**Student:** 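Sharing a structure with you now.
The chains referred to below are lettered A, B, ... by the order of the sequence lines, with proteins before strands, and numbering in each begins at 1. From a predicted model like this one, the values you see are computed outputs, not experimental measurements.
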Amino acid sequence: MAELNLPARVRFAPSPTGHLHLGGARTALYDFLIAKQTGGTFILRIEDTDTKRYIPEAEDELIKGLRWLGIEFDEGPGKGGPYGPYRQSERKEIYFEFAEKLINSGNAFYCFCTAEHLSKVREVQQKNKEPIHYDGTCRDLSVEEARKRIAAGETYIIRFRTPKTGTTTVRDHLRGDITVDNRVLDDSILVKSDGWALYHLAAMVDDHLMKITHVIRGSEWLPSFPLHGLICRAFGWQEPVWIHLSLFLKPSGKGKMSKRESAEAIKDGYSIFVKDLEDLGYTPEGVVNWIALMGWSYDDHTEFFTLEDLIDKFNLDRLNPSPAAINFTKLDHFNGLHIRNLSDEELAIRTKPFFESAGYAPSLTKLTQIAPILKERLPTLDEVVEIAGFFFKDIILYEAEDLIAKGLSKEQCAKVIEQAYETLTNLPEMTKDLAEPLLRNLVESSGYSARQVFGILRVAITGQKVSPPLFESMEIIGKETVLERLMKARKLLK
RNA sequence: GCCCCCAUUGUCUAGUGGCCCAGGACGUGGCCCUCUCAAGGCCAAAACACGGGUUCGAAUCCCGUUGGGGGCACCA
């Protein structure tokens with residue numbers, strides 16, 4: 001139904017006011033997917049007409065976030081393209097020109113109302129429990145008279161002239177036709193008194209000029225959707241396919257993510273910001289898989305998707321219009337899935353920075369070596385330090401009492417360590433194949449359980465009660481260090 | 001207050017009139033595997049918001065109610 005055989009031209013149009021968050025990432029992802037899928041074009045457009053909210057670093061952050069996720073744009077700031085410039089701040093004159101066209105066609109009018117007048121009107125309407133509307137003071141001013149006032153130096157804005165009667169019907173790809181009574185529509189401002197266009201005008205003009213075929217945006221735009229349809233029609237333009245994505249709700253399902261909620265999430269090791277997720281040890285693969293599935297499904301059972309899979313399988317017709325509560329524990333699941341899907345070499349590369357920021361300097365070779373036993377124990381990459389730090393420590397620290405297995409005396413445990421040392425010391429090299437049978441014999445002859453014996457050795461060798469498999473770990477640590485650590489443990493129990 | 005959107009287990013979802021006393025996944029509980037932790041395997045509990053229609057037959061279509069979400073800026 002979306003005519004996706006044709007190359008799609010889609011755009012992600014954030015305003016540079018902060019970091020890339022989950023909602024934006026998912027919109028950009030879907031844009032990217034249908035562009036790639038149809039051999040089309042993915043455009044990044046920066047909507048920076050609001051100079052008050054502008055944050056200089058934000059554009060760069062946004063692009064970095066997208067890149068980290070694997071989403072590259074074809075046209076945009078810094079990259080160029082045939083329909084630039086791609087920052088709205090560089091297109092001011094274009095919007096003004098189109099606003100004039102609307103004035104001339106009678107679809108817009110100049111307005112000289114002051115902010116004081118407007119707020120007074122709003123106040124009265126609020127008190128009377130009426131819908132809040134522009135009162136129409138300047139609506140019927142003649143263009144000639146208005147231009148005279150402008151020439152005289154009066155400040156003005158430009159408003160859209162919304163029809164007062166009838167209804168407007170617009171079509172959303174997920175929801176079908178949406179019809180509203182024109183009486184509830186407002187004469188929205190198109191151009192501010194400082195000469196900057198507002199979203200309603202700027203976005204419509206750009207989408208048309210940039211030949212956008214599909215507009216994918218959040219459903220917070222639904223209320224102004226009829227206005228946008230009206231603006232396109234006033235210009236006589238063909239409308240794109242409109243797709244309003246469901247909103248992401250906070251984990252409780254009550255309302256969208258607030259600053260407060262974001263702070264809460266960070267405390268639990270989660271975040272709605274892509275940059276944070278990266279620092280927290282999430283993989284782009286996991287995040288992409290997770291957000292792709294919030295509001296979209298492929299079938300009734302397939303859940304594992306790589307970006308490549310998604311380019312192949314994504315389909316606008318399988319989007320779900322209902323709001324979705326964010327579920328971070330499911331992100332953990334997807335992240336684990338994709339970590340296990342990484343090659344040993346790749347996992348080594350990904351975990352290295354986390355070791356480094358914890359003060360270790362592991363080699364890629366060693367990291368690749370431990371990758372197999374780490375893979376299935378990592379919900380997030382940053383946990384490598386806690387799980388596998390002992391591989392890179394010169395000295396491991398633990399309490400003597402940790403060496404004492406449940407049900408055994410200090411002396412008995414010391415004996416176990418001694419015996420382990422004696423058997424292991426004769427080995428030509430410390431391999432799992434050589435060490436394991438011998439230590440299992442030791443378990444047998446000691447009369448203790450494997451759990452008890454290996455528990456003691458685990459603490460002695462790794463310094464941890466929980467660790468990757470003992471024999472594999474011993475092999476990687478090497479004979480010399482293993483024996484050293486056993487010796488120290490034995491002394492500790494004296 | 002006004003307008004718009006949405007409504008299947010705790011959560012993400014499949015389901016487009018009979019295949020559904022509702023399928024998958026996360027999470028939860030149990031069991032198995034097991035040197036710890038994981039991973040993996042098996043099993044279990046858990047949902048069609050409510051009320052009216054339409055129809056031989058409704059989770060699926062229509063209406064209403066309720067609930068939830070969003071929007072009502074010289075922000076995007």
**Student:** How is A:Glu472 classified with respect to the nucleic acid when contacts are heavy atoms under 4.0 Å: base, sugar-phosphate, or nothing?
**Tutor:**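 Base, at least one base atom sits under 4.0 Å.
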**Student:** Tell me what A:Leu457 touches on the nucleic acid: a base, only sugar-phosphate, or nothing, going by heavy atoms under 4.0 Å.
**Tutor:**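 Touches nothing.
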**Student:** Once you apply a heavy-atom cut-off of 4.0 Å, does A:Arg122 come out as touching a base, just sugar-phosphate, or nothing?
**Tutor:**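 Touches sugar-phosphate only.
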**Student:** What about A:Arg175, does its side chain sit under 3.5 Å from the base of B:rC5 through a donor-acceptor pair?
**Tutor:**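 No.
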**Student:** For the P atoms, the ones on B:rU60 and on B:rU9, what distance do you get once it is rounded to whole angstrom?
**Tutor:**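 Roughly 14 Å separates the two P atoms.
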**Student:** Whole angstrom is fine here: how far is it from CZ in A:Arg318 over to P in B:rU13?
**Tutor:**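 Those two atoms, CZ and P, are 12 Å apart.
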**Student:** May I ask which nucleotide in the shown strands pairs with B:rC72, Watson-Crick or G-U wobble, both distances under 3.5 Å?
**Tutor:**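 WC or wobble partner is B:rG1.
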**Student:** So what does A:Gly336 hit on the nucleic acid, given a heavy-atom distance under 4.0 Å: a base, only sugar-phosphate, or nothing?
**Tutor:**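 Answer is nothing: A:Gly336 stays at 4.0 Å or more from every strand.
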**Student:** What contact category does A:Ser467 fall into here, base, sugar-phosphate, or nothing, at under 4.0 angstrom with non-hydrogen atoms?
**Tutor:**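 Answer is base: heavy atoms of A:Ser467 come under 4.0 Å of a base.
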**Student:** Take the protein atom CG of A:Asp177 and the nucleotide atom C1' of B:rC4, then report the distance between them rounded to whole Å.
**Tutor:**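 Rounded to whole Å, this separation is 14 Å.
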**Student:** Could you please name the partner base of B:rC33, counting Watson-Crick and G-U wobble pairs only when both distances are under 3.5 Å?
**Tutor:**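 Here B:rC33 is not engaged in any pair, so there is no nucleotide opposite it.
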**Student:** Which base, if any, makes a Watson-Crick or G-U wobble pair with B:rA49, both distances under 3.5 Å?
**Tutor:**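 Across all strands, the one nucleotide that pairs with B:rA49 is B:rU65.
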**Student:** Who is the Watson-Crick or G-U wobble partner of B:rU55, with both distances under 3.5 Å?
**Tutor:**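 B:rU55 is unpaired by these criteria.
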**Student:** A:Ser219 side chain N/O closer than 4.0 Å to the phosphate oxygens (OP1, OP2) of B:rG70?
**Tutor:**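 Checking A:Ser219 against B:rG70: no side-chain N or O falls below 4.0 Å of OP1 or OP2.
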**Student:** Is A:Trp196 touching bases, backbone alone, or none of the nucleic acid, heavy atoms closer than 4.0 Å?
**Tutor:**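 Counting heavy atoms under 4.0 Å across all strands, no contact is made by A:Trp196.
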**Student:** Describe the nucleic acid contact of A:Lys129 in one word from base, sugar-phosphate, nothing, applying a heavy-atom distance below 4.0 Å.
**Tutor:**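 Result for A:Lys129 = sugar-phosphate.
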**Student:** Please tell me whether A:Asp48 and A:Ser89 have a donor and an acceptor in their side chains that are separated by less than 3.5 angstrom.
**Tutor:**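 On atom types as modelled, these side chains qualify, holding a pair under 3.5 Å.
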**Student:** For A:Ile396 and A:Ala460, work out which heavy atoms get closest and say how close.
**Tutor:**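 The pair with the smallest heavy-atom distance is CD1-O, 3.5 Å.
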**Student:** Classify A:Arg451 by what it touches in the nucleic acid, base, sugar-phosphate, or nothing, heavy-atom distance under 4.0 Å.
**Tutor:**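 Sugar-phosphate: the residue A:Arg451, judged by heavy atoms under 4.0 Å, touches backbone atoms but no base.
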**Student:** Whole Å only: how far is the CH2 atom of A:Trp296 from the P atom of B:rG15?
**Tutor:**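 Rounded to the whole Å, the gap is 12 Å.
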**Student:** Any base atoms under 4.0 Å from A:Pro469, or only sugar-phosphate, or nothing? Heavy atoms, all strands.
**Tutor:**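 The answer is base, as A:Pro469 lies within the cut-off (heavy atoms under 4.0 Å) of a base atom.
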**Student:** Under a 3.5 Å threshold, yes or no: a donor from one side chain and an acceptor from the other, between A:Asp187 and A:His133?
**Tutor:**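 A:Asp187 vs A:His133: no donor-acceptor pair found between side chains.
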**Student:** Does a donor on one side chain sit under 3.5 Å from an acceptor on the other, for A:Tyr86 and A:Asp206?
**Tutor:**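 No donor-acceptor contact under 3.5 Å links the two side chains.
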**Student:** Do we see a donor-acceptor contact under 3.5 Å between the side chains of A:Asp382 and A:Tyr282?
**Tutor:**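 A:Asp382 vs A:Tyr282: no donor-acceptor pair found between side chains.
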**Student:** Between B:rC50 and B:rU8, how far apart are the two P atoms, rounded to whole Å?
**Tutor:**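 It comes out at 11 Å once rounded to the nearest Å.
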**Student:** For A:Asn320, which contact category applies under a 4.0 Å heavy-atom criterion: base, sugar-phosphate, or nothing?
**Tutor:**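 Touches sugar-phosphate only.
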**Student:** Do you see a donor-acceptor pair shorter than 3.5 Å between the side chains of A:Asp135 and A:Thr137?
**Tutor:**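 Their side chains do contain a donor-acceptor pair, which is all the 3.5 Å distance test asks for.
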**Student:** At 4.0 Å (heavy atoms only), tell me whether A:Cys111 reaches a base, stays on the sugar-phosphate, or touches nothing.
**Tutor:**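 Counting heavy atoms under 4.0 Å across all strands, no contact is made by A:Cys111.
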**Student:** Scan A:Ile157 against the nucleic acid and name what it touches under 4.0 Å (heavy atoms): base, sugar-phosphate only, or nothing.
**Tutor:**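 Base contact.
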**Student:** Can you tell me if A:Arg53 and A:Thr17 form a side-chain donor-acceptor pair at under 3.5 Å?
**Tutor:**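 No - no donor-acceptor pair under 3.5 Å links their side chains.
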**Student:** Under 4.0 Å between a side-chain N/O of A:Ser297 and OP1 or OP2 of B:rG24, yes or no?
**Tutor:**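 No, A:Ser297 has no side-chain N/O under 4.0 Å of OP1/OP2 on B:rG24.
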**Student:** Looking at every strand, decide which applies to A:Glu47 at a 4.0 Å heavy-atom threshold: base, sugar-phosphate, or nothing.
**Tutor:**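 The residue A:Glu47 makes sugar-phosphate contact but no base contact.
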**Student:** Please work out if A:Leu247 contacts a base, only the sugar-phosphate, or nothing of the nucleic acid, heavy-atom cut-off 4.0 Å.
**Tutor:**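 Sugar-phosphate, no base atom in range.
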**Student:** How close or far is atom P of B:rA25 from atom CD1 of A:Ile291, stated in whole angstroms?
**Tutor:**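 Interatomic distance, CD1 of A:Ile291 to P of B:rA25: 23 Å.
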